[in-house]
Amino acid sequence: KKIFIEPDIVDLVDCKCKMLFKKIIQFYRYGKKIGIEVSGHWSKPFKNIFRKIPIAACVPFTGESIAIDTLGRMSPCVYLKNYHLTGRLNSIFLRKDYLDFLQKTWVGNIKECNGCIIEGFCLGGCYLSRISKNTKVFTYRCLLFKDITKFLVKEFIKNNYKEIVKQLT
């Protein structure tokens with residue numbers, strides 16, 4: 001049992017981050033209580049702490065979804081207008097221009113993320129939020145990701161304290 005909750009990445013820029021954080025945490029805690037895993041792109045930085053290969057929050061990097069526009073063209077993200085899939089679904093990952101795009105927008109190449117406390121786990125978040133003309137989009141997503149990651153780390157330590165201490169001694 002899982003549910004994926006994701007705040008709007010385009011229009012929700014006037015939302016108070018603290019309020020959104022509280023709502024997501026309410027859903028997260030309630031889900032735990034009733035046995036449902038509540039996650040979203042916001043939970044990926046925390047989950048990446050424990051993965052050998054981190055998973056980006058941005059679907060063009062992961063191949064997790066396919067967007068289909070009104071003309072029937074497919075792309076890895078509804079917001080990527082220049083990269084359409086042709087033939088096999090994984091064909092996009094064989095295109096040099098697409099691989100160059102991914103490389104330019106990956107960890108270490110995103111100046112807004114350099115030195116961020118969760119840079120290596122967040123992996124830059126959503127590409128659309130970074131290129132938006134409204135800088136509030138990226139700022140609010142970044143703050144939200146950091147706050148939720150800190151919360152989840154504290155929650156993990158609280159729930160696993162004895163095991164952590166045992167492994168450290």
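Model, not experiment: these values are computed from the prediction.
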The salt bridge (charged side-chain N to carboxylate O under 4.0 Å, His left out) partners of Lys32 (sequence neighbours excluded) come to none
Applying side-chain hydrogen bond (donor to acceptor under 3.5 Å, both in side chains), name anything that partners Asp100, two or more places apart in sequence or on another chain.
Lys96
Give a yes or no answer on whether the side chain of Trp42 reaches the backbone of Ile5 with a donor-acceptor pair at less than 3.5 Å.
yes
Looking at every heavy atom in both Gln103 and Asn109, which two are closest together, and how far apart are they?
O-ND2, 2.6 Å
Rounded distance (nearest 0.5 Å) linking atom OG of Ser39 with atom CD1 of Ile148:
11.0 Å
By side-chain contact (heavy atoms from CB on, under 4.5 Å), Leu99 pairs with (sequence neighbours left out) Leu102
Taking salt bridge (charged side-chain N to carboxylate O under 4.0 Å, His left out) as the definition, give me every residue that meets it alongside Lys33, ordered by chain and number, with sequence neighbours left out.
none
Under the salt bridge (Lys or Arg N to Asp or Glu O under 4.0 Å) rule, what pairs show up with a residue in residues 160-169, not counting sequence neighbours?
none
For Ile36, does the CD1 atom have more than 12 heavy-atom neighbours from other residues, nucleotides or ligands under 6.0 Å away?
yes
Just to verify, what does Glu112 make a side-chain contact (heavy atoms from CB on, under 4.5 Å) with, not counting sequence neighbours?
Ile110, Phe138
Taking every heavy atom of Gly124 against every heavy atom of Cys113, the minimum-distance pair comes out as CA-SG, 3.9 Å
If I take atom CD1 from residue Ile3 and atom OH from residue Tyr30, how far apart are they, to the nearest 0.5 angstrom?
11.0 Å
Hey, is the main chain of Gly40 close enough, under 3.5 Å, to the side chain of Ser43 for a donor-acceptor pair?
yes
Would Ile24 end up clustered with Leu143 when hydrophobic side chains under 4.5 Å apart are linked, directly or stepwise?
no
Does the distance from a Lys or Arg side-chain N to an Asp or Glu carboxylate O, for Glu155 and Lys150, drop under 4.0 Å?
no
Distance col, row Ile68:CD1 vs Ser75:OG, nearest 0.5 angstrom, shows 9.0 Å
Qualifying residues under side-chain contact (heavy atoms from CB on, under 4.5 Å), relative to Asp69, sequence neighbours excluded
Leu71, Arg73, His84
Taking the six-membered ring where the residue is Trp, are the ring centres of His41 and Phe4 under 6.0 Å apart?
yes
Check this for me: Phe21, atom CZ, are more than 12 non-hydrogen atoms of other residues, nucleotides or ligands nearer than 6.0 Å?
yes
Partner residues of Asn160 under the side-chain hydrogen bond (donor to acceptor under 3.5 Å, both in side chains) criterion, sequence neighbours left out
none
Contacts table for residues 45-61: side-chain donor-acceptor under 3.5 angstrom, sequence neighbours left out:
from, atom 1, to, atom 2, distance (Å)
Lys47, NZ, Glu37, OE2, 2.9
Asn48, OD1, Arg51, NH1, 2.8
Asn48, OD1, Ile55, N, 2.8
Asn48, ND2, Lys44, O, 3.3
Asn48, ND2, Ile55, O, 2.9
Asn48, ND2, Phe121, O, 2.7

Partners of Ile157 by side-chain contact (heavy atoms from CB on, under 4.5 Å), sequence neighbours excluded?
Val153, Ile164
Residues at least two apart in sequence or cross-chain that pass side-chain hydrogen bond (donor to acceptor under 3.5 Å, both in side chains) with Arg29, listed by chain then number, are none
With a 6.0 Å cut-off on ring centres, are Tyr98 and Phe101 close enough?
yes
Co-membership, hydrophobic cluster, residues Phe156 and Tyr161, 4.5 Å side-chain
no
Does Lys1 have any side-chain hydrogen bond (donor to acceptor under 3.5 Å, both in side chains) partners at least two apart in sequence or in another chain, and if so, which?
none
CG/Asp147 to CD1/Ile25 distance, rounded to the nearest 0.5 angstrom?
9.0 Å
